[in-house]
Number of protein chains: 2
Amino acid sequence: LVELRNVSKIYHVGDEEIRALDNVTLDIHGGEFISIIGPSGSGKSTLMHILGCLDSPTHGTIELDGTMIHHATPVQLAGIRNRKIGFVFQFFNLLPKLNVLQNVELPMVYSGVSAKERRLRALEALKMVTLENRAKHRPLQLSGGQQQRVAIARALVNNPKIVFADEPTGNLDSHTGEAILDLFRKLSEEGRTIALVTHDPEIAAVTPRRIEIRDGKVALQVDPKLAGL
Amino acid sequence: LVELRNVSKIYHVGDEEIRALDNVTLDIHGGEFISIIGPSGSGKSTLMHILGCLDSPTHGTIELDGTMIHHATPVQLAGIRNRKIGFVFQFFNLLPKLNVLQNVELPMVYSGVSAKERRLRALEALKMVTLENRAKHRPLQLSGGQQQRVAIARALVNNPKIVFADEPTGNLDSHTGEAILDLFRKLSEEGRTIALVTHDPEIAAVTPRRIEIRDGKVALQVDPKLAGL
Ligand SMILES: Nc1ncnc2c1ncn2[C@@H]1O[C@H](COP(=O)(O)OP(=O)(O)OP(=O)(O)O)[C@@H](O)[C@H]1O
Ligand SMILES: Nc1ncnc2c1ncn2[C@@H]1O[C@H](COP(=O)(O)OP(=O)(O)OP(=O)(O)O)[C@@H](O)[C@H]1O
Ligand SMILES: [Mg+2]
Ligand SMILES: [Mg+2]
């Protein structure tokens with residue numbers, strides 16, 4: 001489904017070079033449930049942004065569902081993202097001037113869903129994260145964890161084939177976090193491909209595959225077949 | 001040191017009333033090391049903002065180090081905050097146009113510390129969170145966890161008597177998180193008062209006192225004397 005070949009992401013700040021990703025080769029197969037773990041600053045968010053077609057690599061190639069992404073134009077990338085990928089950002093990226101319902105409807109505005117249908121599906125997605133009672137409020141009137149749950153609802157509203165989530169339970173207590181993990185597990189059972197970044201060892205333990213990153217390199221891959229999990 | 005009496009915080013959105021805090025009475029004594037725990041949306045950040053003199057209650061009184069805060073003017077509040085309190089926000093609130101070093105120096109600019117002294121103390125604080133090598137970079141060039149550590153360094157740079165930190169390890173892997181917790185423990189041993197909001201049960205377990213919040217009410221207080229910890 002997604003194939004990275006020798007992908008690097010290099011930033012230049014002043015005369016310094018920062019290798020956020022360093023020559024990463026990685027395959028993600030359809031229907032997998034994966035967690036990405038690693039120390040702070042190791043390259044997890046950078047990897048997710050590249051996998052999610054939000055950022056392009058400095059070197060290397062990416063193939064997503066048969067399309068060579070590194071050649072695609074920004075408009076083509078936006079189309080692929082909108083139709084195939086749901087993304088939950090580490091710091092949510094909600095639009096403060098829209099209310100919660102409008103934020104969740106947004107991906108469907110781009111894909112041309114009717115206003116009535118948008119509203120129904122957005123309310124359903126908010127029910128999945130138990131926040132339908134805050135539909136008319138604005139993101140900054142919610143707590144950190146509540147905003148995170150709105151961002152999760154927005155990522156799921158277009159029924160994406162692939163979901164990339166960057167620490168989706170980072171601002172949630174363990175009880176609320178477990179409910180969100182159950183949601184992702186259910187989506188995985190429906191055949192969608194799910195990749196989560198997490199610092200929580202309990203979450204990493206329940207996903208069949210773990211990808212470990214250190215200093216921009218993929219360190220360790222625990223595959224279900226090898227690990228006998 | 002800090003006494004809350006019948007403090008409520010009530011928001012009005014449309015015709016709805018949201019009781020973020022509901023009649024909270026609470027004492028925090030000098031030198032305590034406390035964790036504040038509770039579900040997402042239960043009122044933890046709201047409580048911290050009121051304890052940290054960043055927000056005022058709708059009802060009730062607060063006394064901090066002998067001063068009745070609820071009567072203080074914004075200028076007086078800023079002075080009290082700057083001299084006595086270090087605050088780590090749940091989402092950092094770093095200034096994107098300043099570099100990392102300038103962000104950490106900022107509290108000392110307000111308290112009139114010389115440029116040379118500011119620079120030395122800011123670099124020392126960055127060393128405490130192992131980020132001195134990113135001093136010249138900007139916050140948005142750092143990862144989520146790295147930004148969080150800059151926010152911690154900024155909160156400590158003025159040697160505050162009281163430190164309030166809202167999920168200071170939320171974006172950190174367990175190894176980096178433990179290093180930060182050790183830092184707070186050391187500060188507590190120096191006699192400072194430390195209150196941390198956390199979703200991490202392992203952190204809550206190591207602080208001598210835990211305050212549990214549910215639906216804006218302080219549910220349970222485990223005191224060291226009572227719990228025999
Ligand atoms: N400006 C606001 N307007 C309306 N409601 C608000 C506002 N700020 C917070 N709230 C509500 O007050 C309640 C408490 O919010 P608070 O941010 O204190 O929760 P929290 O315990 O910190 O949660 P989390 O763990 O998700 O960060 C929540 O229901 C939240 O939606
Ligand atoms: N725009 C940028 N300019 C320069 N360096 C950057 C930029 N964005 C990220 N980096 C650096 O790239 C490295 C990887 O960052 P990334 O955000 O992927 O880490 P992460 O694993 O997600 O960390 P965290 O767990 O703290 O969120 C870090 O050292 C970071 O400082
Ligand atoms: Mg990250
Ligand atoms: Mg909060």
Side-chain angles (χ1 to χ4, degrees), chain A residues 11-16 18 20 37-49 89-92 99-100 129-131 133-138 140-149 166-167 169-177 179-180 197-202 204 212-214 216, chain B residues 11-16 18 20 37-49 89-92 99-100 129-131 133-138 140-149 166-167 169-177 179-180 197-202 204 212-214 216:
Chain A
Y11 295 102
H12 295 282
V13 185
D15 52 4
E16 273 178 77
I18 295 173
I37 55 182
S40 169
S42 56
K44 301 181 297 295
S45 293
T46 306
L47 176 63
M48 292 288 276
H49 290 165
F89 295 89
Q90 185 170 5
F91 296 113
F92 322 143
N99 70 27
V100 163
V129 295
T130 61
L131 273 175
N133 59 339
R134 303 299 295 264
K136 289 283 181 248
H137 298 187
R138 287 173 199 280
L140 294 179
Q141 296 178 314
L142 300 181
S143 78
Q146 290 166 339
Q147 289 179 44
Q148 187 157 47
R149 283 184 278 156
D166 198 345
E167 304 195 33
T169 63
N171 289 282
L172 301 178
D173 57 284
S174 45
H175 183 69
T176 315
I180 293 294
V197 168
T198 184
H199 284 313
D200 184 342
E202 280 178 31
E212 202 176 308
I213 292 196
R214 263 176 206 292
Chain B
Y11 295 102
H12 296 281
V13 186
D15 51 3
E16 274 178 75
I18 296 172
I37 54 183
S40 168
S42 57
K44 300 183 298 296
S45 292
T46 307
L47 176 63
M48 292 288 275
H49 289 167
F89 295 89
Q90 186 170 2
F91 296 111
F92 322 144
N99 71 27
V100 162
V129 295
T130 59
L131 273 175
N133 60 337
R134 303 298 296 265
K136 290 282 182 250
H137 298 184
R138 286 173 199 270
L140 293 179
Q141 295 178 314
L142 301 181
S143 79
Q146 290 167 339
Q147 290 179 45
Q148 186 158 46
R149 284 184 278 155
D166 197 345
E167 305 197 32
T169 63
N171 288 284
L172 301 177
D173 57 282
S174 42
H175 183 68
T176 314
I180 293 296
V197 169
T198 184
H199 286 313
D200 185 343
E202 281 178 29
E212 203 176 308
I213 291 195
R214 257 174 214 293

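Naming convention: chains lettered A, B, ... in sequence-line order (proteins, then strands); numbering from 1 in each chain.
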Please determine whether the number of non-hydrogen atoms from other residues, nucleotides or ligands lying under 6.0 Å from atom NE2 of H12(B) exceeds 12. yes
Most heavy-atom pairs under 4.5 Å with chain B, out of T176(A), N171(A), D200(A), belong to N171(A)
With a 4.5 angstrom heavy-atom cut-off, is it the side chain or the backbone of E16(A) that approaches chain B, or both, or neither? side chain
Measure distances from I18(A) to the heavy atoms of chain B and classify the residue's part below 4.5 Å as side chain, backbone, both or neither. side chain
So what's closer than 4.5 Å to chain B heavy atoms on R149(A): side chain, backbone, both or neither? side chain
Residue pair S40(A), Q148(B): steps toward the side-chain contact (heavy atoms from CB on, under 4.5 Å) verdict: CA-CA 10 Å; S40(A) 169; Q148(B) 186 158 46; over 6 Å; no
Between the main-chain N or O of H199(B) and the side-chain N or O of D173(A), is there a donor-acceptor pair closer than 3.5 Å? no
Assert top hit (heavy-atom pairs under 4.5 Å, partner chain B, pool A20(A), S174(A), S143(A)) equals S143(A)
Please flag which part of Q146(A) lies under 4.5 Å from any non-hydrogen atom of chain B: side chain, backbone, both or neither. both
Looking at P39(B), G170(B), P201(B), which makes the most heavy-atom pairs under 4.5 Å with chain A? P39(B)
Return the set of residues passing ring pair (Phe, Tyr, Trp, His ring centres under 6.0 Å) with H137(B) (not counting sequence neighbours), or none when no residue passes. none
Is any side-chain heavy atom of K136(B) less than 4.5 Å from a side-chain heavy atom of V13(A)? no
If one checks every heavy atom of Y11(A) against chain B at 4.5 Å, the contacting part turns out to be neither
Which atoms of F89(A) are under 4.5 Å from chain B, going by heavy atoms: the side chain, the backbone, both sets, or neither? neither
For S45(A), is it the side chain, the backbone, both or neither that has a heavy atom under 4.5 Å from a heavy atom of chain B? neither
